[in-house]
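Below, all heavy atoms of this structure are taken into account, side chains as well, without hydrogens, waters or symmetry copies. Treat the numbers as computed from the prediction; the structure is a model and nothing was measured.
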Amino acid sequence: MITITIFSILPTIVCAVLVLLLALDLYHNYSRPRAILCIFMLVTTLLYTGHFFYFNHLTTAIPLTDSIYSFCNPAVYPLYFIYIEELTGYRNNRRRQLLYLLPSLLCFLTVSLLYCLMNADETDVFIEKYLYGGEISALTGYAWWQAVAHMAVRLVFGVQIPFVFFKGWKKISEFNEEIGKNYSSTDGKMLSTLKPLLLAFVIVSVISFLSNIIGREHFFDSSELILPSLTFSLLLLFIGYEGLHQKFTAQDMVLDMMPCEEVNEDKIAEEYTGSQLLSNIIRVVDEEKLYLQPNLKINDLAKRLCTNREYVYRAINIEMGQSFADFINCKRIEYATHLLEQSSDMLLTEVALKSGFSSTSAFYRNWKLFRHCSPRKYLNKGNQGTIL
């Protein structure tokens, strides 16, 4: 019994702690994506509080906690999708986001109303026969309709899973692609961990959905409760941790990419049509060694050339077949190679910083991308060839 109590409350404690940490972070530095994540964690806290009351047979509170659960269970996915939207989009439609939660609200109102209409005997029979026994054949009246409502809640939850996965995955991919287009240093900007977390969230939720179909009553044995409790706790812990550390959003990118002032559109068209822009980009980047600026953005290059960011993007992405990040990082690796060949005993950390990389990890990642081996192994081979 003690083991069941501990593992039934563990996800609740994890979520409650994350709510507190996110609330403290919001107090010092408000961010709408983290505010949505905080609401997501709060709803998840209430959801697992319902699990706690259920698994510990606190039946007198179940009409209340089960009603709250009927909202929280189908609300977690829409809230997580809204969180992804806030990270990856700018000026999101707030009214549309509220509509995402409409099915959850309808589930809550239906279940709550049926509990109000049921008398004490019907409520006891429903809890005993359906919630703890998984039986529907013995139910009549409002108790039978309550069972139908609970099955509808499960269905709503299950239908949301593929929608949020595919739409969320697409939004994350598009956001990461935009980062590569506009920034030379993508560290701390790309949502590199959000895709694995979304995938893990979906897999765990599918298992949870199937478990709900089987029935929560089959998980009263402590050994069967440990694995899902630990799995959900760890997953939510990672989601909260990444949310606390993800500072860069689409709004930041929009502010960074404000259009250049005093742009001569006639000059832009003439240069681009005459295929002069690409050669000007390469010339300016090489002559002025712009790639040595760690936070170089495509907008910085556009301002330097007194042109439009979109034209610079087209010249690099379409004519060269590279993203802006790959174009600049390739130049940085060329420069880093030159430094190592001139002084092979130079510390790689120093080489990385002198070459314009914001971190050693970014240096290693891009070196492997363009050289297909480690810096030392490259020099030991005496490989003086061009970058692939």
(request) Determine yes or no for a side-chain-to-main-chain donor-acceptor pair under 3.5 angstrom, with Asp252 supplying the side chain and Thr249 the backbone. (result) yes
(message) Exactly one of Val202, Leu235, Leu191 should register a side chain to side chain contact (heavy atoms under 4.5 Å, CB included) with Leu197. Which one does?
(response) Leu235
(message) Using a 3.5 Å distance criterion without hydrogens, assess whether the side chain of Thr12 forms a donor-acceptor pair with backbone atoms of Tyr48.
(response) yes
(request) Side-chain contact test, heavy atoms from C-beta onward, threshold under 4.5 Å: evaluate it for Leu102 versus Leu98 and give yes or no. (result) no
(message) Check this for me: does any side-chain nitrogen of one of Glu86 and Arg94 sit under 4.0 Å from a carboxylate oxygen of the other?
(response) yes
(request) Would you check if Phe157 and Val76 make a side-chain contact, meaning some heavy-atom pair closer than 4.5 Å? (result) yes
(request) Keeping the roles fixed (side chain from Gln146, backbone from Val111), state whether a donor-acceptor pair exists under 3.5 Å. (result) yes
(request) Mind checking the OG1-OH spacing from Thr123 to Tyr142? Nearest 0.5 Å is all I need. (result) 12.0 Å
(message) Keeping Ser233 on the side-chain end and Leu230 on the backbone end, is there a donor-acceptor pair under 3.5 Å?
(response) no
(message) Donor-acceptor pair, distance only, cut-off 3.5 Å: does the side chain of Glu177 make one with the backbone of Ile179?
(response) no
(message) Would Arg332 pass as a cation-pi partner of Tyr335, given that its NZ or CZ must be under 6.0 Å from the six-membered ring centre and within 45 degrees of the axis?
(response) no
(request) Go through the steps to decide whether Met253 and Phe175 satisfy the test side chain to side chain contact (heavy atoms under 4.5 Å, CB included), and finish with yes or no. (result) CA-CA 10 Å; Met253 181 161 55; Phe175 178 81; 4.0 Å; yes
(message) Nearest 0.5 Å, please: how far is CG in Leu348 from CZ in Phe357?
(response) 12.0 Å
(message) Donor-acceptor pair, distance only, cut-off 3.5 Å: does the side chain of Asn92 make one with the backbone of Glu85?
(response) yes
(request) Indicate whether the side chain of Asn182 and that of Arg309 have a donor and an acceptor atom separated by less than 3.5 Å. (result) yes
(message) Is the shortest side-chain heavy-atom distance between Ile239 and Leu37 below 4.5 Å?
(response) yes
(request) Could you check Phe126, Trp144, Tyr69 and say which one makes a ring pair (Phe, Tyr, Trp, His ring centres under 6.0 Å) with His150? (result) Phe126
(request) Give a yes or no answer on whether the side chain of Asn308 reaches the backbone of Glu310 with a donor-acceptor pair at less than 3.5 Å. (result) yes
(request) Say whether, by atom type as modelled, one donor and one acceptor occur between the side chain of Asp66 and the main chain of Ile62 under 3.5 angstrom. (result) no
(request) From the options Phe166, Phe163, Phe165, Phe40, select the one residue that forms a ring pair (Phe, Tyr, Trp, His ring centres under 6.0 Å) with Phe81. (result) Phe163
(message) I need the Asn29 CG to Lys247 NZ distance, nearest 0.5 Å.
(response) 6.5 Å
(message) Is there a side-chain contact between Leu301 and Tyr313 in this structure, where contact means two heavy atoms from C-beta onward sitting under 4.5 Å apart?
(response) no
(request) Would you confirm whether Thr88, through its side chain, and Ile172, through its main-chain N or O, come within 3.5 Å as a donor-acceptor pair? (result) no
(request) Could you grab the distance from atom CG of Leu42 to atom CG of Leu46, nearest 0.5 Å is fine? (result) 5.0 Å
(message) Given 3.5 Å as the limit, does a donor-acceptor pair link the side chain of Glu122 with the main chain of Asn119, or not?
(response) yes
(message) Could you check whether Asp300 pairs with Lys297 (Lys NZ or Arg NE/NH1/NH2 to Asp/Glu carboxylate O, under 4.0 Å)?
(response) yes
(message) Using the salt bridge (Lys or Arg N to Asp or Glu O under 4.0 Å) criterion, which residues pair with Arg34? Sequence neighbours excluded.
(response) Asp25
(message) Salt bridge or not between Lys181 and Glu178? Use side-chain N to carboxylate O under 4.0 Å.
(response) yes
(request) Would you please indicate if the ring centroids of Tyr54 and His51 are separated by under 6.0 Å? (result) no
(message) When you compare the side chain of Tyr80 with that of Leu198, does any pair of heavy atoms fall below 4.5 Å?
(response) yes
(message) Let me confirm one number: the CG-CG distance from Leu237 to Leu10, rounded to the nearest 0.5 Å.
(response) 10.0 Å
(message) With ring pair (Phe, Tyr, Trp, His ring centres under 6.0 Å) as the test, pick out the partner of Trp367 among Phe370, Phe363, Tyr364.
(response) Phe363
(request) Show which residues join Leu26 in its hydrophobic cluster (side-chain heavy-atom contacts under 4.5 Å, direct or indirect), or state none. (result) Tyr30
